[in-house]
Each structure stands twice: as structure tokens, then as C-alpha cells.
Amino acid sequence: MSKITKEQYEFALARIEELLPTVDDNTPANDRHAVELTMMSEIVIDYEKEHFPIAKPTVAQLIQLTLQEKQMTQKQLAAEIGVSTSRISDYVSGRAEPTLKTARLLCTTLGISPAAMLGC
């Protein structure tokens, strides 16, 4: 697909707003509104991937977010994986990166995928 202009993107966004009320789960996939909605959505997705990319979270952000989700304190995590609370604080603040052994423990304890921890 060729480069999508800002004007095309804005048109697609506006058209999606118009089409959404006309399409629901019972609309056949080959309905002209459903087809157009799919095409407009693809334009928006392609433009946003190029102009508004979502960065992968850092190790510090992953740990911090997961601690919040699990309602777990840094002190609890430290006790569970056998490191000092100040070390966990270093990881959460981004002042230090965990060793591979500690990263493995963090992944297991917090349920973070190793690929995410490695930034993949």
C-alpha cells in the first residue's frame, strides 16, 4: 500500500464513525458497509502504526506495572525472589538491570514472559 496521507487518515476516521452504527455482529461480511468499514479500519491501523508506534515497555516498566496489577509491594517481591528491597527499587527505577538469574526469577514470580523481559 502506498503512503497514507494525514488527510486520508482523517477521512477514514470520520468515515468509520459514520459506518459503525450501520454494522454489527449480524452484518454479513460481504455487506458493502462492512467491507468499507474494514477498508477504512485498515487505513487507520496502517497510518497509526507508522505515525503513532507503541514502544515496548522497559524492564523497569514491566516490573512496576506487574507489581501494581498483582497488588504486590517491592518488599514482598524482594522477599519472594531473595534480593534486597533496595535492589528491587533499583530495577523499578531503571537504575539497574537484573542479572539473567534474577530476570528468570522475576519472570516466574511475576508471570512476565521471558520474551517481554528481553524486549522482544
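All residue numbers in this chain count up from 1 along the given sequence.
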CG/Asp46 to OG/Ser41 distance, rounded to the nearest 0.5 angstrom?
11.0 Å

To the closest 0.5 Å, what do you measure between CD (Gln76) and OG1 (Thr85)?
10.0 Å

The reported gap from NE2 in His51 to CD1 in Ile4 (rounded to nearest 0.5 angstrom) is 8.0 Å

Once rounded to the nearest 0.5 Å, what's the spacing between atom OG of Ser89 and atom CD1 of Ile63?
11.0 Å

More than 12 heavy atoms of other residues, nucleotides or ligands under 6.0 Å from CG of Leu20: is that the case?
yes

What one should report as the nearest heavy-atom pair of Pro114 and Cys107 is CA-SG, 3.9 Å

Work out which heavy atom in Leu62 is nearest to a heavy atom in Pro57; give both atom names and the distance.
CD2-CG, 4.0 Å

Is there a donor-acceptor pair under 3.5 Å between the side chain of Glu10 and the backbone N or O of Glu7?
no

Are the side chains of Val44 and Met40 in contact, using a 4.5 Å heavy-atom criterion?
no

Let me check something: do Leu65 and Ile54 share a hydrophobic cluster, defined by ILVMFWY side-chain heavy atoms less than 4.5 Å apart, either directly or through other members?
no

At their closest point, which heavy atom of Pro28 faces which heavy atom of Ala34, and how far apart are they?
O-CB, 3.6 Å

Report the distance from atom NZ of Lys75 to atom OG of Ser86, rounding to the nearest 0.5 Å.
12.5 Å

What's the spacing between Asp90 CG and Ser84 OG if we round to 0.5 Å?
7.5 Å

Dump the intermediate steps for side chain to side chain contact (heavy atoms under 4.5 Å, CB included) on Leu77 and Gln74, then the final yes or no.
CA-CA 5 Å; Leu77 177 60; Gln74 291 182 20; 5.7 Å; no

Pairwise side-chain contact, Leu37 with His33, heavy-atom cut-off 4.5 Å (strictly under):
no

The residue among Gln68, Lys70, Gln64 that forms side chain to side chain contact (heavy atoms under 4.5 Å, CB included) with Thr66 is Lys70

In the structure I gave you, are the side-chain heavy atoms of Val35 and Arg32 within less than 4.5 Å of one another anywhere?
no

Check step by step if side chain to side chain contact (heavy atoms under 4.5 Å, CB included) holds for Ile88 and Ile81.
CA-CA 10 Å; Ile88 296 297; Ile81 66 170; 3.8 Å; yes

Can you find a pair of side-chain heavy atoms, one from Thr102 and one from Arg87, that are under 4.5 Å apart?
no

Can you get from Phe11 to Leu19 by hopping between Ile, Leu, Val, Met, Phe, Trp and Tyr side chains that sit under 4.5 Å apart?
yes

Return the orientation label for the Tyr9 and Tyr47 ring planes: parallel under 30°, perpendicular over 60°, tilted otherwise.
parallel

List the atom of Tyr91, the atom of Ala60, and the distance in Å for their closest heavy-atom pair.
O-CB, 3.1 Å

Working note: Leu110 + Met72, criterion side chain to side chain contact (heavy atoms under 4.5 Å, CB included); need CA distance, chi angles, decisive distance, verdict.
CA-CA 9 Å; Leu110 296 175; Met72 187 180 210; 3.9 Å; yes

